[in-house]
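Single-structure report; data block below.
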Amino acid sequence: MHLTLEFGGGLELLLKSSTKVHKVEVPPKDGEGKVTMKGLLSWVKANLIKERPEMFVKGDSVRPGVLVLINDCDWELCGGLDAELEEKDVVVFISTLHGG
């Protein structure tokens, strides 16, 4: 499934290439026809994160303080970890935690 992933608020610094926008192809998990947010987070951790994955994920979900939007809508309104993604969706991850 083709998705656009955007990382901001410093999260892009954790990635293998420190670019903010990534156009990716994410395969559905075995036996599933759809990609869920839970599956996407696992894929991102395995394929895009280069260092300090604990700054992005905690368990199966994102770390508290990371805002997640699916097509500009809060992911909690879309179903959270169980939200099913569709072809060409845009998923944005923004860290709201900053030094001061």
Using 0.5 Å steps for rounding, measure from the [atom1] atom of [X] to the [atom2] atom of [Y].
X	Y	atom1	atom2	value
His2	Glu86	NE2	CD	15.5 Å
Ser95	Phe56	OG	CZ	10.5 Å
Cys78	Leu69	SG	CG	9.0 Å
Leu3	Trp43	CG	CH2	8.5 Å

(request) Answer with yes or no whether the hydrophobic clustering places Met37 together with Val57; edges join I, L, V, M, F, W, Y residues whose side-chain heavy atoms lie under 4.5 Å apart. (result) yes
(request) Please answer: with hydrophobic residues joined when any side-chain heavy atoms are less than 4.5 Å apart, are Leu48 and Leu85 in the same cluster? (result) yes
(request) Go through Ile94 and Phe7 one step at a time and tell me if the side-chain contact (heavy atoms from CB on, under 4.5 Å) criterion holds. (result) CA-CA 6 Å; Ile94 302 171; Phe7 298 85; over 6 Å; no
[X] side chain to [Y] backbone, donor-acceptor under 3.5 Å:
X	Y	result
Glu76	Asp74	no
Glu84	Thr36	no
Arg52	Leu14	no

(message) Does Lys50, at its NZ atom, have more than 12 non-hydrogen atoms belonging to other residues, nucleotides or ligands within less than 6.0 Å?
(response) yes
(message) Assess the residue pair Glu6 and Lys20 against the criterion (side-chain contact (heavy atoms from CB on, under 4.5 Å)); give the C-alpha distance rounded to whole Å, side-chain angles, the decisive distance to 0.1 Å, and a yes or no.
(response) CA-CA 5 Å; Glu6 298 180 14; Lys20 291 188 176 198; 5.9 Å; no
(request) Of all the heavy-atom pairs spanning Met55 and Val66, show the shortest one and how long it is. (result) O-CG2, 4.5 Å
